[in-house]
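Reading through the structure tokens given below for one structure.
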Amino acid sequence: MSSADPPNASPDAVKRSRYTLRQLHLLRQGSTATPLRAIAHIDLDAFYAQCEMVRLGIPRDTPLAVRQWDSLIAVNYAARPFGITRMLNAVDARKACPNIVLQHVATFREGEGGRWAYRDDSFRSIKTDKVSLDPYRAESRKILKTMKEELDRWTTEYTDDEIHSLTQGISAGLEKASIDEVFIDLSPLIYRVLLQRYPEIRPNPHDEDRDAELPQPPTTAVQWDSEDCLIGLDREEREEDDPDWDDIVMQIAADIVRSVRMAVWEKLHYTCSAGIARNKMLSKLGSACNKPDKQTVVRNRAIQIFLGGYKFTQIRMLGGKLGDQITADFGTEKVSDLLKFSLDQLRAKLDDHTATWLYGVIRGEDRSEVSPRTQMKSMLSAKSFRPSINSAGQAEKWLRIFAADIYGRLVEDGVLENRRRPRVITLHHRVVQSRSRQIPIPGSNTIDENLLFELAKTLLRQVIADGQAWPCANLSLSVGSFEDGVGKNRAIEGFLLRGDRAKSVTQSTSVREADSTANDHIPPEKKRKVDIKRFFAHPPPPGDPTSIGHDSAQHTDQEVSNAPSDEPEAPALAPADVLPQYNCDRCSKSIPEYEKEEHDDWHFAKDLETQDRQEARNAQQQNQQQTPPANTSRRSGSRGRGGRSRGKPEKGQMRLAFE
Ligand code: CTP
Ligand code: CA
Ligand code: CA
């Protein structure tokens, strides 16, 4: 009950929810404007290690780590109690756990064609081999497909005709955030379940006041599964006696996510962990809280307890320089300390935008959208050389492997069916500094391994003509600026979205893919031009490694074979200066291409904040200008004192008095 309620309210009075009918109905389109939204972040446990366990049929209690040369790149949960982490090398891991299975990643090999293979001698073949992450990408695709199928089941099953017609075309949005993680906007699915369970909230033309607060849901409505990890269940609060609609939403979200995780386990034998909360930031923090094989629910009422325990530098966008600056300015890294500063105090040291954004984010606000996207935006194949290489002949051998690697991935991506094709190819090359050269891929040619190889050689000749080509410490080839071909199956991106929303998303996705500026006010044609110029622009200072949160230092001498914008984690293996960069033309910052989405989210969040503030200001001004008569005030009407008759809720009732 809110503090505004009279202390001696009659026990018969209808308890009001904090939420309105409008907020509930905004779930339908997964609007970021509703505080009732539910987002899940699902992350596979020890992903590469699980891939090897599944491939080799290794029991879950057998310690296993995946190695790349002498380094460990994934450690399963059975090996972790032995103190084995990614920081150890293979020899030390064996010392700590003599029975550990150390499986080397698959590799391409110089002179053995463009096929990757698992080879017993890879670990000592760093000079001739190049890592392939293809097997893990393939597993990632299977997992994603299973998740989608399960979500789809929630959109089609158990519905009557009315629900079917009311919820036609709605489904969850799924964003592949890296090789082993996804964000899912569950709001539309939850809306569907709510309509089904509570017929009273089905859209009704007679709903005269959509901004009226809803009645509280029945107290028996929320039943948590004993496996769910609930953040901050405060025993004093006896909150279970006072559930609100957001608790119900979270509990339905937990049911859906549990079923998705179960499907992945039953069909493919992978375990994963999930975070469920009202936005991306909180769900991502949540998924890491109870690994492995658990889901963590951060209910709205627990947000402050939850975030209070974090260092703000652990929050995305605050891991890098901005976080350092804030730490220095306010003398703390703790969210709980920063919460004590008023907005004005934050503004005194930070620019207005940053202060407002920060003020919200440490209070659990993040209105970034889940952008349905399951395809990669660029593909990179790379190799670091120790010692460096010194001739075009040596470089060309690797270019042939890169071309084969990328071509294989393009085939998986549908290039043969002409569904998507890259328009630009780039060669990155490092002597002391990284440099890159790029050319368009001629639209008239069929893309094959040879074409990519020939284009790469052309680029290499240009690099050599520029001078300072040797000794070369790192070479990589990438393709990007994908465009949809005629054979494009729009249903792929719209898989979980149908109707108008799917249309708008696929349209905007195809523009965004070809566009690294993502400024909505720029017409698509212009965006493409901007994009080509900027695509893989000259390497600026290294990006912010802490925002991906991995031990990149350990891996800097290793090689990468992955798609930066598709798979944020894996490029942590790469030296930041070989990664394609994106220049944000809103703030003039240079950031790694694969962090672009996150960076855009940040601007998006800031824009919304500004908009919100403006709206609040307007509302305030309007309020001052006209005080509404008491009987037309929404608030008083919504409390049921404006002549609206409301039924008396009974403990455990399923029918609700919505008029
Ligand atoms: N990865 C990597 N190098 C890094 C970070 C990640 O190669 N510096 C790879 C790992 O091999 C891993 C996958 O990317 O399997 C996903 O990374 P992440 O989710 O961070 O770790 P997991 O190994 O999946 O372990 P966790 O259970 O903690 O998620
Ligand atoms: Ca993981
Ligand atoms: Ca991950």
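Order of appearance sets the numbers: ligands from 1, and atoms from 1 within every ligand.
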Could you establish whether Arg86 and ligand 1 come within less than 4.0 Å of each other, counting only heavy atoms on the residue side? yes
Per residue Asp43, nearest N, O or S atom to the Ca ion (ligand 3) is named OD2
Checking heavy atoms under 4.0 Å, the part of Gln68 that sits near ligand 1 is neither
Within 4.0 Å of some non-hydrogen atom of Ala74, the atoms of ligand 1 are 11 (O), 15 (O)
The atoms of ligand 1 lying under 4.0 Å from a heavy atom of Ala46, numbered in the order shown, are 22 (P), 23 (O), 24 (O), 25 (O), 26 (P), 27 (O)
N or O pair under 3.5 Å between Val75 and ligand 1 = no
Give a yes or no on whether the backbone of Thr107 and the side-chain of Ser122 come within a donor-acceptor separation of less than 3.5 Å.
no
### Query
Just distances here: any N/O of Ala49 and N/O of ligand 1 closer than 3.5 Å?
no
Could you tell me whether Ile179 and ligand 1 have an N or O pair separated by under 3.5 Å?
-> no
So, 4.0 Å and heavy atoms of Tyr77: is ligand 1 close enough to count as a contact? yes
Worksheet item: If you draw the axis of the six-membered ring of Tyr118, does the NZ or CZ of Arg55 fall within 45° of it and under 6.0 Å from the ring centre?
Response: yes
Counting only nitrogen or oxygen atoms and a 3.5 angstrom limit, does Tyr48 reach ligand 1?
yes
Once you measure the plane-to-plane angle for Phe47 and Tyr270, does it fall in the parallel (<30°), tilted (30-60°) or perpendicular (>60°) bin? tilted
Query raised in the report: Regarding Thr155 and Asp152, is there a side-chain donor-to-acceptor distance under 3.5 Å anywhere?
Result: yes
Contact region, Asp180 to ligand 1, non-hydrogen atoms below 4.0 Å, reads side chain
Under 3.0 Å from the Ca ion (ligand 2), is there an N/O/S atom belonging to Leu44? yes
Near Phe47 (heavy-atom distance under 4.0 Å), the atoms of ligand 1 are 15 (O), 22 (P), 23 (O), 24 (O)
Return a yes/no value for Asp45: is any of its N or O atoms, backbone included, closer than 3.5 angstrom to an N or O of ligand 1? no
key: Short side-chain donor-acceptor distance under 3.5 Å, Ser273 and Asp45   = yes
Would Lys130 count as a cation-pi partner of Phe108, with NZ or CZ less than 6.0 Å from the six-membered ring centre and within 45° of the ring normal?
no
The side chain to side chain contact (heavy atoms under 4.5 Å, CB included) partner of Arg299 among Leu230, Ile276, Ile231 is Leu230
- prompt: Is it true that the side chains of His429 and Ser436 contain a donor and an acceptor less than 3.5 Å apart?
  reply: no
Discussion item. Suppose we only count N/O/S atoms under 3.0 Å; would Glu181 qualify as near the Ca ion (ligand 2)?
Written reply: no
For Arg80, the ligand 1 atoms with a heavy-atom partner under 4.0 Å come out as 25 (O), 26 (P), 27 (O), 28 (O)
To the Ca ion (ligand 2), the closest N, O or S atom belonging to Asp180 is OD2
Ligand 1 atoms nearer than 4.0 angstrom to some heavy atom of Ile73 are 2 (C), 7 (O), 10 (C), 11 (O)
TODO: Could you tell me whether the side chains of Ser371 and Glu175 share a donor-acceptor contact shorter than 3.5 Å?
DONE: yes
| request: Measure the distances from the heavy atoms of Pro292 to every atom of ligand 1 and state whether one is below 4.0 angstrom. | output: no
Which of Leu399, Ile401, Ile406 passes side chain to side chain contact (heavy atoms under 4.5 Å, CB included) with Ser381? It is Ile406
| request: Report yes if the distance between the aromatic ring centroids of Phe123 and His104 is under 6.0 Å, otherwise no. | output: no
Arg67 and Glu52 ion-paired at < 4.0 Å: no
